[in-house]
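Data block below; observations after.
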There are 2 protein chains.
Amino acid sequence: MSEAKRVESRPYHHGDLRRALVDAARRLLEAEGPSALSLRAVAREAGVSPAAPYHHFKDKAELLDAVAHEGWEILGAQMSEAKSGATGPDQLTALGIAYVCFARDNPALYRVMYDAARDKEDLPGDMQDNKESAYCMVRDTMIENGADPSQDGHLELASVAAWCGAHGLAEMAGFRQFDHLKEELGGERPFLEAVLNHMGLFPKAHDGC
Amino acid sequence: MSEAKRVESRPYHHGDLRRALVDAARRLLEAEGPSALSLRAVAREAGVSPAAPYHHFKDKAELLDAVAHEGWEILGAQMSEAKSGATGPDQLTALGIAYVCFARDNPALYRVMYDAARDKEDLPGDMQDNKESAYCMVRDTMIENGADPSQDGHLELASVAAWCGAHGLAEMAGFRQFDHLKEELGGERPFLEAVLNHMGLFPKAHDGC
DNA sequence: ATCCTATCTGAGCATCGTTCAAATAAGAAA
DNA sequence: TTTCTTATTTGAACGATGCTCAGATAGGAT
């Protein structure tokens with residue numbers, strides 16, 4: 001449908017084709033879902049031949065890795081913002097809510113982020129590499145709010161439990177079977193908060209998404 | 001590799017080809033992982049032409065549905081057995097552990113079970129259709145152990161929270177990043193129990209897998 | 001023995017991921 | 001400027017996939 005934008009500097013034939021391909025992939029992902037994300041379709045969307053992507057990514061998997069990488073960056077940014085909008089233990093809730101809302105608003109991207117990881121049996125590095133990464137933020141926030149870093153096992157256990165709970169909810173929240181529960185609780189937000197609260201990992205919930 | 005067994009009654013050309021196809025699919029799934037599960041490969045494994053499956057399943061998706069259906073049956077049976085091996089609130093823990101252990105022992109099958117559902121945004125009927133279904137067992141066990149069925153929202157909330165926690169853990173437990181935590185806690189079993197316990201949804205943990 | 005119908009095959013179509021030799025264009029060297 | 005070099009892109013091709021369809025085949029009933 002849409003053409004790749006050709007406004008910026010064009011150092012080579014196509015400008016920054018790598019960039020254009022990742023953008024095209026994300027556009028397709030949002031518009032058509034993960035099943036429509038073929039390498040050929042991405043090339044088509046970027047206005048380029050099916051073989052062109054192979055000079056920027058060794059694999060289809062490597063392209064998806066790049067897309068997933070951006071996903072983790074966006075998630076990290078949104079969680080960081082959510083955290084700074086709250087204080088004390090509420091920060092943990094804010095992180096949880098931000099995580100689940102990200103998954104709700106970008107379901108296809110969220111799937112790509114974990115699919116790549118599942119095949120490798122390795123959590124994506126983007127998730128835990130730097131202080132702005134999603135997992136580390138949860139961990140650090142727990143420490144800031146009284147968890148004992150020296151009692152390392154317990155802290156990590158708490159982080160893992162919180163992560164599992166949030167991920168589970170993120171994957172379940174999309175199913176229609178929970179629509180009536182959402183209505184009953186006054187909308188999707190309250191539903192998400194209620195489940196997170198019930199898990200006891202995220203103390204309370206107040207802030208915006 | 002292996003040939004389809006041709007021992008039972010053979011009412012038509014191939015006997016019960018539908019059965020043979022589902023078996024072949026599960027064999028491939030276990031041996032080669034979900035990505036190797038093509039319709040053609042299943043037909044090949046069953047010793048039949050690529051077009052044959054279409055007389056028993058309208059789709060590849062419908063074949064996967066059948067595989068997933070069996071997965072839910074097995075999961076239900078294992079959870080039922082785990083429940084009957086415990087009493088009181090321990091039953092809930094037993095259910096949780098059984099759920100996660102099933103996912104650990106059949107990762108490929110577990111993925112197929114949810115992949116089909118995700119695409120439809122509908123939880124698989126097999127999960128909640130009958131009293132032996134996995135979700136209903138959790139719900140019923142909660143009622144049996146003191147939850148108030150009249151306060152319906154809260155009960156369902158508790159079930160959903162437990163399900164999310166178990167599912168999240170089931171998907172995370174396979175990642176290598178948690179290997180050191182597992183060791184530290186004395187193996188995979190203790191790790192799973194510790195996380196479930198930490199979520200506070202499954203009171204205690206004692207029974208076998 | 002004949003017919004009917006469910007079952008299976010073989011060939012074919014569009015698409016996919018991937019590779020590779022050849023074409024092209026950008027920047028450096030002359 | 002002209003030439004050379006190299007990164008970038010293309011076009012054609014291969015094997016594999018999901019799926020369709022006309023025709024072959026074989027049970028079971030008549």
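Below, chains carry the letters A, B, ... as their sequence lines are ordered, and counting in each starts from 1.
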Practice task
Output yes when a side-chain donor or acceptor of Lys131(A) lies under 3.5 Å from a complementary backbone atom of Asp140(A), and no otherwise.
Solution key: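 Looks like no, no N/O pair under 3.5 Å.
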
Handout entry: Check: Ser133(B) main-chain N/O paired with Asn130(B) side-chain donor or acceptor under 3.5 Å
Key =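 Checking the backbone N and O of Ser133(B) against the side chain of Asn130(B), a donor-acceptor pair under 3.5 Å is found.
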
Handout entry: Glu62(A) atom CD, neighbour heavy-atom count above 12 within 6.0 Å
Key = yes

Distance check needed: [N] [atom2] versus [X] [atom1], whole Å only.
X        : N       : atom1 : atom2 : result
Arg19(B) : dT7(C)  : CZ    : P     : 16 Å
His56(B) : dT9(C)  : NE2   : C1'   : 13 Å
Leu21(B) : dT7(C)  : CG    : P     : 12 Å
Leu17(A) : dT10(D) : CG    : C1'   : 12 Å

Practice task
May I have all residue pairs that pass side-chain hydrogen bond (donor to acceptor under 3.5 Å, both in side chains) and include part of residues 48-59 of chain B, sequence neighbours excluded?
Solution key: none

Exercise for the section: Using distance alone, with no hydrogens and no angle criterion, decide if Glu184(B) and His180(B) have a side-chain donor and acceptor under 3.5 Å apart. Expected result: no

Completion exercise
B/S/- along nucleotides 12-22 of chain D (protein heavy atoms under 4.0 Å) is -B---BBBBB-

Fill in the blank from the handout: Arg176(A) meets the side-chain hydrogen bond (donor to acceptor under 3.5 Å, both in side chains) criterion, sequence neighbours left out, with Asp122(B)

